[in-house]
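Here the structure is laid out as structure tokens; the discussion comes afterwards.
Just so you know, these numbers come straight off a predicted model, no measurement behind them. If you read the sequence from its start, that first residue is 1, and numbering goes on from there.
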Amino acid sequence: IIYVPDRDGDGTVRGLYTLALDITALKDAQTRLRETNAELALARDQAEAATRAKSSFLANMSHEIRTPMNAIIGLTHLMRRDARAAQERDRLSKIDDAARHLLHVINDILDLSKIEAGKLVLEHVEFSRDVLMARAFGMVSGAATDKGLELVLDTDHMPERLIGDPTHLAQALINLLANAVKFTERGW
């Protein structure tokens with residue numbers, strides 16, 4: 001309620017004008033806004049707690065997986081070093097490549113936590129195009145051969161030495177090649 005005096009020419013109050021407004025809807029909206037803000041703050045806190053729990057879980061699980069994976073890589077190296085037959089060495093190389101790939105996948109999972117925290121740093125190193133391609137092709141060659149597909153590599157106009165993040169580039173390339181093999185019925 002607002003009161004405004006009605007004054008005459010010399011300033012004497014002759015009466016009052018009264019303005020009454022119903023602000024119930026405004027007060028209700030303000031109350032709902034406070035409640036919604038409190039709910040949003042609670043949801044934010046819960047989401048942050050869930051993210052911290054997920055990051056902790058990923059770090060713990062990756063450590064638990066990484067330890068035996070390193071043992072597999074080490075034992076494969078020893079077996080390949082002592083292997084006499086070329087076919088045996090080749091198969092052990094494929095096991096080593098697959099184990100290293102899984103180790104990179106585990107590290108990529110940890111990268112998710114780093115991305116969420118804004119702390120992922122991509123490498124900026126020089127690496128060999130041919131080594132990268134051979135590794136990626138080696139990871140999918142078995143599946144391609146099983147389907148009767150020919151893997152064709154064309155590096156025309158592509159430099160032999162590249163600069164970037166070979167680990168993440170290899171992961172992307174392997175995923176692309178694996179999908180290409182998966183969804184190609186025949187040919188190359």
* **Shared hydrophobic cluster, Val4 / Leu21 (ILVMFWY, side-chain heavy atoms < 4.5 Å)** => yes
* **Any side-chain heavy-atom pair of Arg80 and Asp96 under 4.5 Å** => yes
* Looking at OG1 of Thr24 and NZ of Lys27, how far apart are the two atoms once the value is rounded to the nearest 0.5 Å? -> 10.0 Å
* Determine, using the 4.5 Å side-chain heavy-atom cutoff (strictly less than), whether Phe183 and Leu177 are members of one ILVMFWY cluster. => no
* **Distance in Å, Ile65 CD1 paired with Asn70 CG, rounded so as to fall on 0.5 Å steps** => 12.0 Å
* Asked: Out of curiosity, Arg135 CZ to Leu173 CG, how far, rounded to the nearest 0.5 Å?
  -> 9.5 Å
* **Approximate separation, where rounding is to 0.5 Å, of Leu16 CG and Ile2 CD1** => 13.0 Å
* Counting only heavy atoms not in Glu160, do more than 12 fall under 6.0 Å of its CD? -> yes
* In chain order, what residues pass the side chain to side chain contact (heavy atoms under 4.5 Å, CB included) check against Thr18, with sequence neighbours excluded? -> Ile1, Tyr3
* Point-to-point distance, once rounded to the nearest 0.5 Å, from CG of Leu42 to CD of Gln46 -> 4.0 Å
* To do: Report, as yes or no, whether the 6.0 Å neighbourhood of atom CZ on Arg129 holds more than 12 heavy atoms from other residues, nucleotides or ligands.
  => yes
* Around Arg186, counting heavy atoms of other residues, nucleotides and ligands shown, do more than 12 lie under 6.0 Å from its CZ? -> no
* To do: Report yes or no: do Asp130 and Ser128 form a side-chain donor-acceptor pair below 3.5 Å?
  => no
* To do: Check whether any side-chain heavy atom of Val181 lies under 4.5 Å from a side-chain heavy atom of Leu151, and answer yes or no.
  => yes
* Does one hydrophobic cluster hold both Val140 and Leu153, with members joined at side-chain heavy-atom distances below 4.5 Å? -> yes
* Verify the neighbour count for atom CE of Met133: are there more than 12 heavy atoms of other residues, nucleotides or ligands below 6.0 Å? => yes
